[in-house]
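Reading through the structure tokens given below for one structure.
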Amino acid sequence: MAKNPQEERVFHGSPVSRGIAFGPLHVSARGFSAPDVYAISEEEIPLEKERLQAAFKRTRQQLSELKERIDKIADGDEGLVFEAHGMVLDDPSLLKKVEQSIEERKQNAEYCFYAIMQTFLEGMRRISDPYLRERTIDIEDVSQRVLRNFQAKLDILLPDHQHLLVAHDLTPSDTASMDRSKLLGFVTEAGSVNSHTAILARALGIPAIVGLENVVLETTTLAPAILDGYSGKFIIYPSEKTTEYYQALAARKKEAREDLEKLRDRESTTLDGRHITLSANIEFVDELDLVAETRAEGVGLFRTEFYLLESRRTRSEADQTTTYTELAQKTHPHLTIIRTLDSGGDKLSTEPLTEPEPNPFLGWRGIRVSLDRPEFFKEQLRAILRASAHGKIGLMFPFISGLSEVRACKALIKECMVELDQEGSSYDPKLQIGAMIEIPSAALIAEEIAREVDFFSIGTNDLIQYTLAVDRINNNVAKLYRSSHPSVIRLIKMTTDAARDAKIWTGICGELAADLNLTPLLLGLGVDELSVGPRELPAVRKALLSLDYAKCQKLAQEALSLPTSAEVFELSRAAALEAYGDLIAESE
Ligand code: PEP
Ligand code: MG
């Protein structure tokens, strides 16, 4: 390489979860683990051979792209390693051997390939020649690449020590299943601020940066690094000076957090006396302790999909009843809003589809899945209803696009109530029922929906995505994902107006609720509740305590007449800076 490989190097990406982390890297591109094995029929043999050839082809293509990229940035022979990897696959006897094994063992192609490579590698590891032993790493690498190419999912193998993870991309389930005691932070090449992976990182308090180009290729496992989840800087081989700077910064941020904690017993009420319910979003039941510490006024959103589908274990109705009851009891006397399953989109799905959906965000997601699977849906509804006998529960439906879905949900709730009556189980017949407003069609008919429910919770993560036609997880269009777009704020206003007229309340549970630059605007638009990640809650409380509602109302009125997102943003940011400039500075 042209540069000294151990010289300090800085990568820049989009920060998605605040915090500063120091640690050795683990670059997730290595490892060789066994794929699932399953039997195939005689007729399926040609198909398995085709899958094998396709995986080889994709791997060769990736390797030649990698070689090209390396050749561009290095002036030596470094790219040749990928050529060598490709040669492993060019050996015609390998393909033949695996094909033969598929025919004889009648097992899936990836397993046959794995078994052959594993035997080969074991033989190689016994050779005493150090050069040949080194080559096992290359063979492992290419084998793992082939295995990954049989499937879209990233296969993550994590080390047993504390580390900063470097990966091309992480799925929400990868993130949800990580060992939090070992993972100090992560950086990825793909991803975006509003993906569920990023939301989970924030929930788990794991500092994270996304959108770091080529970071997998250009970093090495065990290299020392610093991750700055405030600015989006990722520094490998930091100098002593840089390390000292970040140690001091981390100490300052800690102090600022402790200062905020001092306000935790204050009611979230504006200077002129308007109370805003400040509640917490959670994805895991074990976050409840943190929720209690921050003195959140309840749970504004429990995303049940991670709990329901984690590790693909199915939760029985009894299991669900226990969990929801625990939630209700622990959050008492405050409200806990349980959102029914929102699978699909970029999240885990309830069942494997026979074909991948071409547009998952416009596909079989949220309430659509639940209404198509009433038996499964009713298990969740009955469990939530039973829990409502032990505390204050709100039941909320995701991904509502029209009135008929709300009515269908309510009819199922009624059926469940009758069933519970028959079995003699108690529940709160007056539990609050809410609709998420996260599809523009729902905001546009908020007036009609308001007559059917007790509250609205605006899911701005999706509302922005669907209003602006900007995929929330695609970093290429991240700059178009504008929370302050005039269309979005008008839809929020339509929703709060409809709610006020129908005498119901409106909250926001999307990530926007924690955007301190826009707190004056949201307050002025008339929301009654903000539900944010527990780690973000103390800062939002301070913002609310520093604002004047009457001024924010005027600001919102002006914002509604502005034609561009930039103007709306600047207007609100100026008010935020005036009211709590120090807080904004600390968060950046
Ligand atoms: C939203 O869309 O804003 C929301 C809170 O739901 P999710 O992020 O789970 O889609
Ligand atoms: Mg949503």
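For ligands, and for the atoms within them, numbers begin at 1 and follow the listed sequence. Since the model is a prediction, treat every value here as computed from it, not as a measurement.
In the model, Ser401 has a side-chain atom that pairs as donor or acceptor with a side-chain atom of Glu405 under 3.5 Å. Of the N and O atoms on the side chains of Thr460 and Glu438, not one donor lies less than 3.5 Å from an acceptor on the other residue.
Taking the six-membered ring for Trp and thresholds of 30 and 60 degrees, Tyr307 and Phe302 have ring planes inclined between 30 and 60 degrees apart.
Under a 4.0 Å N-O distance rule, the pair Arg339/Glu305 qualifies as a salt bridge.
Listed by chain and number, the protein atoms of type N/O/S under 2.8 Å from the Mg ion (ligand 2) are Glu438 OE1, Asp462 OD2; waters are omitted.
Side chain of Glu189 to main chain of Val215: a donor-acceptor pair is present (N/O by atom type, distance under 3.5 Å, no hydrogens or angles).
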Report the C-alpha separation of Ser531 and Asn281 in whole Å, then their side-chain angles, then the decisive distance to 0.1 Å, and conclude whether the side chain to side chain donor-acceptor pair (under 3.5 Å) test is met. CA-CA 6 Å; Ser531 190; Asn281 288 351; 2.6 Å; yes
Applying side chain to side chain donor-acceptor pair (under 3.5 Å) to Thr564 and Glu567, what does each step give before you reach the verdict? CA-CA 5 Å; Thr564 65; Glu567 285 160 279; 2.5 Å; yes
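The ring of Phe399 has its center closer than 6.0 angstrom to the ring center of Tyr466.
For a heavy-atom separation below 4.0 Å, the residues in contact with ligand 1 are His196, Ile199, Leu301, Arg303, Arg339, Asp342, Lys347, Arg365, Met436, Glu438, Gly459, Thr460, Asn461, Asp462, Arg472, Cys509, Gly510.
Remark: His275 NE2 is packed, more than 12 non-hydrogen atoms of other residues, nucleotides or ligands lying under 6.0 Å away.
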